[in-house]
Student: 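Can you keep this structure in mind? I'll have questions shortly.
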Number of protein chains: 2
Amino acid sequence: MQQTTGRGNQTYHHGDLRAALLEAAAQRIESQGVDALSLRKLADDVGVSRSALYHHFRDKNALLNAVAARGFEQWIAVSKARANSPDMTPEQRLGQFVHGYIHWSASNPQLYDLMFGRPIWKTGQADDQLKEIAYPAFQFMLNKITQWQQEGIIGQSMPALRQTQVIWATLHGLARLIIDGVYADSEHIDDMCDCTVAMLLKRD
Amino acid sequence: MQQTTGRGNQTYHHGDLRAALLEAAAQRIESQGVDALSLRKLADDVGVSRSALYHHFRDKNALLNAVAARGFEQWIAVSKARANSPDMTPEQRLGQFVHGYIHWSASNPQLYDLMFGRPIWKTGQADDQLKEIAYPAFQFMLNKITQWQQEGIIGQSMPALRQTQVIWATLHGLARLIIDGVYADSEHIDDMCDCTVAMLLKRD
DNA sequence: GCTTATAATTTGACACTGTCAAGATTAACA
DNA sequence: TGTTAATCTTGACAGTGTCAAATTATAAGC
């Protein structure tokens, strides 16, 4: 039941079907949403038969997990790159992080939905590989916010863990409201980000 | 193509199939989630044939809209009842509102997901009836937060609309993190709520 | 009370979905 | 070159939402 041939040698019939499926799936998800992803149409896109997919992924959920994992890798890379701005005040860095977080989620709405949405996590359908990639993202978030707390630019009266949960909830909630188009138009993203920063910073 | 017989006289073959379907659907959604709702199994529950449903709802999405509408009615009722606590300081009322919001969403996770989730709003599948019931909920939220601003217990430097969007995002995000089980265990709901209140209030 | 019109419900059917078992094809390796 | 093992295809099954036509039960008119 080992579904992958390892990691290096991926040149079989198709060449690299696994990667092709992942790419096509990510593309279709981003353009039409997770629910609109059909394995059969996906196979058509790649030019392969219906159930060829099952030699590379256990089932549909495993494919979604892999796409989400790719998303986390990208998310972490972008976040870390954004964090390396040496000549900035801590307040500016916080501001840049907020804007960056929201803009990334608004630019990849369907992927964000897949990564942080209910289906994968709540129903316990996240496999071990995804968890291994996702938890560093959570850790990154925790470190970031703990750092702000230590720099004294956000409130310090609450435990770092709670503070992290609430601040992340704020970012996550704003991202979702914008993505879902619920009472938050995407034209005023920067305004809402600025307001968020003002609320997070100690003195408004 | 008038799909309902009005509103008063609902005594036909089944008695009131529309209400029975709504009730059974709401129950199944809350126990197993929106994605697990099958129209055929739903018909079995009510003891009726597959496509009897189509004489009361245009399609599956219309049924989901109706369930969501019921949810908004309930949400508004609970929220308004919670707001009528005369012998309380404004700060206490804010605290009670936060705890109430989170607890309601945690007690009705699947319904909350249906009401404020992506599928209905983002994809423009919300019909007019749902919009008519949902927007008062948004208005209620706006009034609430504007009131806090006027009472001076939260920041006033930002426009009320932006402040409302960000504060609601905070509540919404916290609710989702708890519901989805993403990095927020449901055992510490009250702690997280307290932390949220501390962040919202002017001085921490 | 009987007939007629109308609404409610059922049955049959269609296209679509994810998934599996068995067979065919092709690459890797001795 | 012959064997093995991986990859891919075809056929099939149960399940889904939805529609058209046929059937049944209710309400209205005389």
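Per chain, numbering begins at 1; letters A, B, ... match sequence-line order.
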Student: According to a strict under-4.0 Å criterion, is K60(B) in side-chain N/O contact with OP1 or OP2 of dT16(D)?
Tutor: no
Student: Look at the side chain of S38(A) and decide which nucleotide, out of dG18(C), dT7(D), dT18(D), has an atom nearest to it.
Tutor: dG18(C)
Student: Which atom names give the shortest non-hydrogen contact between Y54(B) and L39(B), and what distance separates them?
Tutor: OH-CD1, 3.7 Å
Student: Which residue, G47(A) or D59(B), contacts DNA chain D at a nucleotide closer to its 5' end, judged by nearest heavy atom?
Tutor: G47(A)
Student: Sequence neighbours excluded and cut-off under 3.5 Å, please list the side-chain donor-acceptor pairs for residues 64-75 of chain B, or say none.
Tutor:
{"residue": "N65(B)", "atom": "OD1", "partner": "D127(B)", "partner atom": "N", "Å": "3.4"}
{"residue": "N65(B)", "atom": "ND2", "partner": "N61(B)", "partner atom": "O", "Å": "2.8"}
{"residue": "N65(B)", "atom": "ND2", "partner": "Q125(B)", "partner atom": "O", "Å": "3.0"}
{"residue": "R70(B)", "atom": "NH1", "partner": "E23(B)", "partner atom": "OE1", "Å": "3.2"}
{"residue": "R70(B)", "atom": "NH2", "partner": "E23(B)", "partner atom": "OE1", "Å": "3.4"}

Student: Measuring only between side-chain heavy atoms, which start at C-beta, is H99(B) closer than 4.5 Å to D194(B)?
Tutor: yes
Student: S51(A) or K41(A): which one's nearest nucleotide on DNA chain C is closer to the 5' end?
Tutor: K41(A)
Student: If I take atom CG in residue L53(A) and atom C1' in nucleotide dT17(C), what distance separates them, rounded to the nearest angstrom?
Tutor: 14 Å
Student: Separation of L21(A) atom CG from dT7(D) atom P, in whole Å?
Tutor: 12 Å
Student: So what does L42(B) touch, heavy atoms closer than 4.0 Å: a base, only the sugar-phosphate, or nothing?
Tutor: nothing
Student: Could you report the tightest heavy-atom contact between G33(A) and Q110(A), atom names first, then the distance?
Tutor: CA-OE1, 3.3 Å
Student: For Y54(B) and dT16(D), give me the distance from atom OH to atom P, rounded to whole Å.
Tutor: 12 Å
Student: Rounded to whole Å, how long is the line connecting atom CG of D44(B) with atom P of dT10(C)?
Tutor: 11 Å
Student: Specify the separation, in whole Å, of atom NE2 of H55(A) and atom P of dA27(C).
Tutor: 16 Å
Student: Please write out the pairs of protein N or O atoms and N or O atoms of nucleotides 13-15 of chain C separated by less than 3.5 Å, giving the distance to one decimal.
Tutor:
none

Student: Measure from CZ on F57(B) to P on dA8(C) and round the result to the nearest Å.
Tutor: 12 Å
Student: What closest approach, in Å, do L42(B) and L53(B) show between heavy atoms, and which atom pair accounts for it?
Tutor: CD2-CD1, 4.2 Å
Student: At under 4.0 Å between heavy atoms, what does S49(A) touch on the DNA or RNA strands: base, sugar-phosphate, or nothing?
Tutor: base
Student: Mind checking what makes side-chain contact (heavy atoms from CB on, under 4.5 Å) contact with R82(A), not counting sequence neighbours?
Tutor: V78(A), S79(A), Q96(A)
Student: Would the number of heavy atoms belonging to other residues, nucleotides or ligands and lying under 6.0 Å from CD of Q32(B) be above 12?
Tutor: yes
Student: Using a heavy-atom cut-off of 4.0 Å across all strands, would you classify L63(B) as base, sugar-phosphate, or nothing?
Tutor: nothing
